[in-house]
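By convention in this document, chain letters (A, B, ...) are assigned in the order of the sequence lines, proteins followed by strands, and residues within each chain are numbered from 1. Please read all numbers here as calculations on a predicted model, not as lab measurements.
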Amino acid sequence: MAAKTDLRRFTGFLPMTFVCLFLLYAPLIIVMVYSFNDSKSITNWGGLSLRWYEEVFWGVESAKFKAAALNSLSIAVVAAISATTIATMAATAMLRAGRFRGKSISFALINLPLMVPEIVTAVATLVFFSAIGFTTGYLTILLAHIVFCIPFAYLPIAARMQGIEDVYEQAAMDLYATRFETFRLILLPLMMPGIISGFLLAFIISLDDFIITNFVKGAGIETLPTAIFGSVKQGIKPNIMAISTLLLMVSVGFVTLSWLVGRMGQNKK
Amino acid sequence: MTDIAVDIIDLTKCYGDFVALKNVSLGIQDNEFFTLLGPSGCGKTTLLRTIAGFEDVSQGAIRLYGEDIAGLPPNKRPVNTVFQQYALFPHMNVTQNVMFGLLRLGQGDATARKRVTEVLELVQLTRFADRLPSQLSGGQQQRVALARALAPNPKVLLLDEPLSALDLKLRQAVRLELKQIQQDTGITFIFVTHDQEEALTMSDRIAVINDGQVQQVGTPREIYEAPQNKFVANFIGETNLIGVTVVDVSGGNATCTLPGGAQFTCPAAMGATAGPGHLSIRPERVAITAPETGVLQGVVARQVYLGTDMHIDITPTGGETITVRLQNSETTHIPGNGELVGLNFEAGSARLLVD
Ligand SMILES: Nc1ncnc2c1ncn2[C@@H]1O[C@H](COP(=O)(O)OP(=O)(O)OP(=O)(O)O)[C@@H](O)[C@H]1O
Ligand SMILES: [Mg+2]
């Protein structure tokens with residue numbers, strides 16, 4: 001029998017896969033299901049309803065959540081655009097400036113923040129802002145987000161760029177394109193799938209961020225994650241589950257989009 | 001002087017300690033199909049890239065119609081390249097690819113489009129104008145690359161082994177077409193290849209390069225029939241190298257002692273000197289005779305059947321094996337193994353080489 005002769009087959013590990021999947025997804029599924037619960041309780045099922053979604057959009061706390069969502073969204077958009085732009089320029093500089101001293105160390109340094117514990121970055125950012133006397137608020141959140149999004153945007157962009165042979169740029173220069181035209185007409189379109197992936201990734205990272213935001217936001221301003229956290233401190237209400245579900249949907253949507261764009265770019269090559 | 005399209009003067013190119021091109025001097029004529037021929041790694045691509053402007057030169061000068069272009073970036077040189085990997089822009093269709101150079105030169109959309117139609121007709125690709133490069137076969141991509149480089153009407157076209165990715169049949173067809181296009185457009189072609197047959201069939205003149213140095217420049221006939229040194233004689237076609245002692249060189253002729261002791265006089269390459277040397281003689285120019293009438297005597301060592309021809313390996317007394325090519329016809333006498341035979345050749349078929 002083929003199964004017996006297949007050396008790559010280790011029996012008994014399949015159930016582990018299901019345990020993992022269950023542990024990963026059960027809490028999320030419970031939150032999603034209970035967001036449609038027609039009861040104030042978070043443990044007893046009281047029938048299907050959209051009342052908590054109504055509550056989110058039109059209830060007593062709706063103004064607070066709307067303001068927080070607006071902050072989150074505007075910060076995520078601006079931070080993602082800025083981080084992507086910076087990351088694109090950095091990738092171009094690092095991968096197309098020929099060899100320069102400290103190239104590989106720069107490469108490592110750009111990616112290093114991905115491995116630094118976020119709490120450390122959060123403390124450091126706060127210390128930095130207070131050291132230069134910056135008042136915490138919307139602007140500090142935005143600046144912090146731009147900065148910590150850069151490595152996330154950089155990864156897919158640099159990966160994409162590494163796959164582009166420089167013979168295209170040579171061909172363009174050979175055909176009378178200036179350096180800038182070569183960048184704009186050849187390199188940028190070829191990098192676009194990476195750039196879009198980077199943008200979406202940065203957007204989602206910014207939208208979801210809690211730790212750093214909580215440190216640098218100061219009083220009187222909330223993003224969606226900090227607002228949710230603040231709300232939960234007074235007890236979990238089902239409307240939190242509704243918001244969480246919405247946020248999850250947005251995240252999943254963006255990650256899927258990012259994945260699709262990345263795949264599209266690969267197929268084209 | 002005005003006929004010289006590209007004048008390469010004492011060009012040296014180093015990568016760190018490694019010398020890729022050593023004192024290369026070449027004068028490429030206007031409207032010429034000029035080929036750079038040499039084995040892999042000899043520096044052909046490097047030379048092409050210095051002309052295109054992708055590599056700076058360590059020493060020497062490159063003149064394009066009298067103007068020194070060594071300091072100009074690639075986009076300021078009226079020279080276009082057909083890259084070995086074609087390098088078609090993957091996100092642009094055929095028309096956009098071909099139009100790219102025209103638009104960069106500041107031509108209007110209408111003028112550029114007219115020119116694109118013209119060039120696509122020239123390379124017979126009109127039907128594929130709207131396709132992306134990934135939707136074309138290798139041969140079609142090669143034509144697009146050619147069309148794209150021809151469109152701006154460059155003064156000189158550089159082609160880096162453009163046929164190497166094609167299969168044999170297609171390669172042979174494209175050779176003739178390429179030559180035709182060169183003659184019709186009157187553009188100077190500098191063509192790189194490591195395929196001697198390609199070089200011999202297409203070129204007006206060939207520069208044979210080895211180890212970053214020019215070995216010989218000449219017409220295909222000169223290169224084949226009057227090789228300058230051992231490398232050229234061996235690289236172009238098959239040849240026999242016979243070790244001799246040169247007694248005297250004068251007036252372009254050399255008198256030498258063959259293995260076995262016979263005296264022989266034949267043309268000598270420029271710069272050949274007295275002393276030990278080598279004669280080159282092509283296998284098809286050696287005749288097998290009776291032992292006493294040959295200038296060399298030897299024993300048949302091996303016969304190789306090649307279809308239309310036979311190769312007979314003969315070991316002369318006191319020399320290295322000589323291959324003779326015989327036409328395979330019913331009347332040809334094929335000597336058997338171990339038979340003692342004489343070898344004879346005309347003075348004009350042999351040539352004393354520079355070692
Ligand atoms: N950027 C570089 N740095 C160092 N050495 C190089 C570089 N480019 C080429 N060389 C060396 O220069 C020599 C000539 O290379 P080149 O590409 O010109 O060879 P070629 O004649 O085109 O060979 P092929 O027929 O294989 O394409 C080679 O030995 C190569 O290793
Ligand atoms: Mg090459």
Sort by residue number and list every member of [range] having a non-hydrogen atom under 4.5 Å from chain A.
range	value
residues 113-130 of chain B	none
residues 177-185 of chain B	none
residues 142-165 of chain B	B:Arg148, B:Pro152, B:Pro154
residues 92-100 of chain B	B:Met92, B:Phe100

Is any side-chain heavy atom of B:Phe89 closer than 4.5 Å to a side-chain heavy atom of A:Leu185?
-> no

Which atoms of [X] approach chain B - backbone, side chain, both or neither, heavy atom under 4.5 Å:
X	answer
A:Gln170	both
A:Thr178	both
A:Leu190	side chain

Among B:Pro78, B:Ala52, B:Pro74, which residue forms the greatest number of heavy-atom pairs with chain A at distances under 4.5 Å?
-> B:Pro74

From [atom1] ([X]) to [atom2] ([Y]), nearest 0.5 Å:
X	Y	atom1	atom2	result
B:Thr81	A:Met173	OG1	CE	12.0 Å
B:Asn80	A:Asp174	CG	CG	5.0 Å
B:Leu88	A:Tyr168	CG	OH	8.0 Å

Please indicate whether [X] has more than 12 foreign heavy atoms, meaning atoms of other residues, nucleotides or ligands, lying under 6.0 Å from its [atom1].
X	atom1	value
A:Phe183	CZ	yes
A:Leu112	CG	yes
A:Met115	CE	yes

Relative to chain B, which of A:Val167, A:Ile186, A:Thr182 shows the most heavy atom pairs under 4.5 Å?
-> A:Ile186

B:Asn75 side-chain N/O to A:Leu175 backbone N/O, donor-acceptor pair under 3.5 Å | no

Which atom of A:Tyr176 lies closest to which atom of B:Val79, heavy atoms considered = OH-N, 3.9 Å

